[in-house]
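The structure appears right after this line, and notes come after that.
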Amino acid sequence: MAKQYDPQAIEKKWQDIWEKEGTFRASNDRSKPKFYALVEFPYPSGEGLHVGHPRPYTALDVLSRKRRMEGYNVLFPMGWDAFGLPAENYAIQNKIHPAVITERNVTRFKEQLRSLGFSFDWSREINTTDPAYFKWTQWIFLKMFEKGLAYKQEMPINWCPACKVGLANEEVVNGGCERCGHEVVTKVKNQWMLKITAYAERLINDLDLVDYIDRVKTQQRNWIGRSEGAEVSFQIVDTDEVLKVFTTRPDTLFGATYMVISPEHPVIDKLGDLIANMDEIRDYQEEAHKKTDFERAELNKEKTGVEIKGLKAINPVNNKEIPIWISDYVLMTYGTGAIMAVPGHDERDWEFAKKYGLPIVEVVAGGDVSTAAYTNTETGIMVNSGFLNGMDVEDAKKEITAWLKAEGLGAPKVNYKLRDWVFSRQRYWGEPIPLVHCEKCGWVPVPEDELPVLLPDVKNYEPTDTGESPLAKIRDWVETTCPTCGGPAERETDTMPQWAGSSWYFIRYTDPHNDEALASKEAIDYWMPVDWYNGGMEHTTLHLLYSRFWHKFLYDLGIVPSPEPYQKRTSHGMILGENNEKMSKSRGNVINPDDVVNEYGADTLRLYEMFIGDFEKSVPWSQDGVRGCRRFLDRFWKLQEMVMPGTEYTSELETKMHQTIKKVSEDYENLKFNTAIAAQMALLNDILQRGTINEAEIKTMLILLNPVAPHITEEMWVNLGFPGMVNEQSWPTWDEEKTVEQTVDIAVQVNGRVRGQITVDLTDPVELARAKALDNENILRFVEGKTIVKEIYVPGRIYNIVVKN
RNA sequence: GCCGAAGUGGUGGAAUAGGCAUACACGCACGACUCAAAAUCGUGUGAGCUUCGCUCGUGAGGGUUCAACUCCCUCCUUCGGCACCA
């Protein structure tokens, strides 16, 4: 034995063995406790695997492997989120069917993942573009349609002129397209929408049921943006029209000196006859419409607006007539599209009032409303507010809300920033929306037994400038008959967004080949919810929120057993290039995992990615660091040459062994892989110093390292003639008492500064420790001639002597 | 602007129920092996000084304490999220 450590030879060998023996298949034995570990399935791009991919995969692979050794039935699956733009764009350029490209990319990705030795259960591999899979994506959509959660609406959407596709709010980043960065413009389109807002409250509240890292919870709450306030009705003078506003500060109602409505507000057209300056209004609307959402939302920008001449509203608390303005700082998509302006206590309103000379009334005392809006709600007392005078803000809110309700002028109201989900894409490479439009019957679902609705085979995938899907041109696909009346009808030509398939894929893994249902009831009940889901922070407001929404919907249908899909959510940091910048071809700092595997081995790559730093933070790649990890494995390999017989830990190593088992076990659980590995490196250093190790000790070391470096540990296990495989062993346990060193060196301090060291036994009485401390020459130098005021002895930690002159 | 996280050697990073700051790794220096280099092994490596020891040192400045990277106060910087959301 004791050949050189040759990862190229052993890694392939073990990967084949695991595959042949089905080592990592999730078992059907439902009597065992289950552990469902999930990582985000990749989009199989033409670029191949990125060194960023293995980081989260290795992390949960470590947990999965550990859980199996702890006796769990583990489900750790992998699949492909394969619909999407890059494949379609490539198809357009190269005239190849996106399915062909997808298949090619999947093959490559799978090979790469396999070469890294992940313990995925490949028998459960899924692909969102597989008709057997998207049949159920379409099925879920139809259920939503049935329940009124999917609706088509004419609405302004975010349009990317480069991708020629509509984007959800979440896909617009700083005014640009998330995918290509091109500036996003507004376009009015008839779009399928999913009513995620119906679940807003539950999506916030149920965060209390799950164990997500705080930043994820915070970001979700932020994004949903719940705010409590009141809806208040303002009568428009001489009409039957009422302008409703939403406000979080109903207490300041007496200070509302004008109103502002959004340029898109329908009341403008409704009461057009009464408006004296309609031309001016139309111009303003035109201007506002031309701006992109980003331009409209851009801060620093000076507010603009036009007064609507001819319309006045009545402030319901004091019956004063107040003017109505339009301005694009009021958004039609939030609240009611109209606000009451309280310039004394709202910065935006204050700015607007100053610019246009509108009256500013102080209704909360404490500031100086002539110089700035006073927004402090903690200490202010109501003034100029009739029956609210003298109250603090909180009481005034309650009082006025009760009053509004009693008078029929308003009611408490909760609003959310979250908008409904624009679910249509004008693209070819996505799940067809399984609906048919009939002149007579309207939108009719494709009957369940006709699912899936397949994509037609076409030559041309080009999206159109008009914003229509390329499918619209395939007339013999579009033209069909109405399932209800049998008359002529047309298929919906929009397809679903990429987020559709990933909104429920974790359910499919539990029973991936089922053709009767999205998964069997038994499989779902046993495996769901996912116990641990790790993924990128970039998916917090998109995929994570969407999939929670779909899961809640399925929960309401009685299909899944829990209101939440994921019990625990953690997140990993990015891997940057060696120059500390994001890895990208254009920056020339891309590291290819294949190269690392070929040169150093998969175990080195895995080890390095886990050792590189805090799992949750971004870290730059370091080729030197990779070499260091390989060195560790080379040194670890050499342990084989010094193994002595023994069924117990040797007494010199016992404490260290128990300490290491504890440290490694706990650190793996807390995603502290870097320190878990450091502890194993330290133990190895100790042992190499000593020059011997016995069988009991090396067995434990092999098991501890196995989750991170599975190939080398299996190979060494066999080399040493141990029975079975490492992955079949039980995870080692530690004895808390045995982790405590009996004899330790501790520092002796004088006035808090270290002046010497003593060796004490934990059981030493204070007197003995004291005697040892004062036996030290250097200590005596600092104590002599001074008065000892106080002595603190923390056994096993420190001995501190406080002296005074 | 609001919310959140974080600032530690030349580098990645350890250590927070307060108890020897810099574990582990990289890099660097020197030594061994070698004709030589690489690899490997060994030693050293926070800064400074009058070097058996002392002084300073965890973004800055205060404070609490026998003792502070850790707790409190005031700042500064960086990163992330939200951002005219009424």
Side-chain angles (χ1 to χ4, degrees), chain A residues 174 213-223 225-227 229 245-250 252 256 259-260 262 296-301 303 327-331 333-342 345-349 351-352 375 415-419 537-538 540-541 573 578 580 607-608 611-614 616-629 631-632 634-635 638 672 674-685 688 744-757 777-778 781 789-803:
Chain A
N174 283 332
I213 48 173
D214 283 341
R215 54 196 174 125
V216 170
K217 285 194 185 185
T218 309
Q219 277 186 34
Q220 292 228 338
R221 287 200 185 100
N222 232 328
W223 188 263
R226 181 181 198 276
S227 59
V245 303
F246 172 72
T247 176
T248 55
R249 294 294 305 277
T252 61
M259 298 185 78
V260 187
S262 157
R296 274 179 69 164
E298 203 154 14
L299 217 58
N300 309 332
K301 187 202 74 172
K303 296 192 182 0
S327 171
D328 62 6
Y329 83 89
V330 173
L331 310 172
T333 44
Y334 183 77
T336 61
I339 61 157
M340 63 180 215
V342 184
H345 306 282
D346 181 284
E347 282 165 25
R348 296 154 301 180
D349 299 342
E351 199 189 310
F352 194 80
T375 55
N415 247 311
Y416 302 93
K417 281 199 291 187
L418 185 70
R419 312 285 161 80
M537 284 308 289
E538 70 274 21
T540 304
T541 50
E578 293 209 82
N580 231 316
L607 184 73
Y608 174 66
F611 183 64
I612 189 168
D614 187 333
E616 300 205 335
K617 295 202 188 109
S618 304
V619 262
W621 185 267
S622 155
Q623 206 61 28
D624 287 329
V626 177
R627 271 192 284 277
C629 287
R631 258 199 290 273
F632 166 72
D634 283 330
R635 280 149 48 87
K638 286 192 193 138
K672 303 281 182 206
N674 51 340
T675 48
I677 292 164
Q680 295 177 78
M681 288 174 167
L683 177 59
L684 177 69
N685 290 346
L688 291 180
V744 282
D745 291 336
I746 65 167
V748 181
Q749 301 180 328
V750 179
N751 287 352
R753 340 193 61 151
V754 181
R755 299 299 181 186
Q757 299 280 325
E777 247 180 67
N778 203 43
R781 271 180 47 212
V789 220
K790 194 173 179 183
E791 287 170 69
I792 297 112
Y793 178 48
V794 184
R797 295 278 188 190
I798 207 141
Y799 197 101
N800 190 8
I801 304 167
V802 185
V803 298

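Numbers restart at 1 for each chain; the letters A, B, ... are given by sequence-line order, proteins then strands.
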Over how many whole Å does the gap from [X] atom [atom1] to [N] atom [atom2] extend?
| X | N | atom1 | atom2 | value |
| --- | --- | --- | --- | --- |
| A:Met537 | B:C79 | CE | C1' | 12 Å |
| A:Asn685 | B:G42 | CG | C1' | 13 Å |
| A:Tyr608 | B:A25 | OH | P | 15 Å |
| A:Lys617 | B:G81 | NZ | C1' | 17 Å |
| A:Arg627 | B:C26 | CZ | C1' | 10 Å |
| A:Leu607 | B:C24 | CG | P | 16 Å |
| A:Asn674 | B:A15 | CG | P | 8 Å |
| A:Lys790 | B:U65 | NZ | C1' | 8 Å |

Under 4.0 Å, heavy atoms only, any strand: does [X] hit a base, just the sugar-phosphate, or nothing?
| X | answer |
| --- | --- |
| A:Gly335 | nothing |
| A:Arg226 | nothing |
| A:Glu777 | nothing |
| A:Ser327 | nothing |
| A:Arg215 | nothing |
| A:Ile612 | sugar-phosphate |
| A:Gln749 | base |
| A:Phe632 | nothing |
| A:Asp634 | nothing |

For [N] and [M], measure between their [atom1] atoms and round to the nearest Å.
| N | M | atom1 | result |
| --- | --- | --- | --- |
| B:U58 | B:A23 | C1' | 15 Å |
| B:U22 | B:A68 | P | 16 Å |
| B:G62 | B:C2 | C1' | 28 Å |
| B:G61 | B:A14 | P | 25 Å |
| B:U16 | B:A29 | P | 34 Å |
| B:U51 | B:U55 | C1' | 12 Å |
| B:C35 | B:U45 | C1' | 31 Å |
| B:C69 | B:G59 | C1' | 12 Å |

> Which of parallel (below 30°), tilted (30 to 60°) and perpendicular (above 60°) describes A:Trp621 and A:Tyr608?
Replying inline: perpendicular
> Is the A:Tyr334 ring parallel, tilted or perpendicular to the A:Phe246 ring (thresholds 30°, 60°)?
Replying inline: perpendicular
>> Between A:Asp624 and A:Arg627, does any side-chain N to carboxylate O distance fall below 4.0 Å?
In response: yes
Respond yes when some side-chain nitrogen or oxygen of [X] is under 4.0 Å from OP1 or OP2 of [N], and no when none is.
| X | N | result |
| --- | --- | --- |
| A:Arg631 | B:U40 | yes |
| A:Ser227 | B:A86 | yes |
| A:Asn580 | B:G12 | no |
| A:Arg755 | B:U55 | yes |
| A:Arg781 | B:C54 | no |

>> Counting only side-chain heavy atoms from C-beta out, which of B:C20, B:G13, B:C24 sits nearest to A:Val619?
In response: B:G13
> Looking at B:G81, B:A86, B:C66, which one has an atom nearest to any side-chain atom of A:Phe246?
Replying inline: B:A86
> Hey, where does RNA chain B pair up into stems, meaning at least three consecutive Watson-Crick or G-U pairs with distances under 3.5 Å?
Replying inline: B:1-7 with B:76-82, B:10-12 with B:24-26, B:27-32 with B:40-45, B:46-49 with B:53-56, B:59-63 with B:71-75
Close side-chain approach of [X] and [Y], heavy atoms under 4.5 Å:
| X | Y | answer |
| --- | --- | --- |
| A:Val216 | A:Met537 | yes |
| A:Val802 | A:Ile792 | yes |
| A:Arg797 | A:Val744 | no |

>> Judged by each residue's nearest nucleotide on RNA chain B, which is more toward the 5′ side, A:Val330 or A:Asn800?
In response: A:Asn800
>> Judged by each residue's nearest nucleotide on RNA chain B, which is more toward the 5′ side, A:Arg753 or A:Lys672?
In response: A:Lys672
> When syn is taken as a glycosidic angle within 90 degrees of 0, is B:G10 syn or anti?
Replying inline: anti
>> With side chain to side chain contact (heavy atoms under 4.5 Å, CB included) as the criterion, how do A:Met340 and A:Thr252 come out once you've worked through the C-alpha distance, each side chain's angles and the decisive distance to 0.1 Å?
In response: CA-CA 10 Å; A:Met340 63 180 215; A:Thr252 61; 3.8 Å; yes
> Taking it one step at a time, do A:Asp346 and A:Phe352 satisfy side chain to side chain contact (heavy atoms under 4.5 Å, CB included)?
Replying inline: CA-CA 10 Å; A:Asp346 181 284; A:Phe352 194 80; over 6 Å; no
>> Using the rule side chain to side chain contact (heavy atoms under 4.5 Å, CB included), only one of A:Asn800, A:Val803, A:Val789 pairs with A:Asn751; which is it?
In response: A:Val803
> Just wondering, are more than 12 heavy atoms of other shown residues or ligands nearer than 6.0 Å to CD in A:Glu347?
Replying inline: no
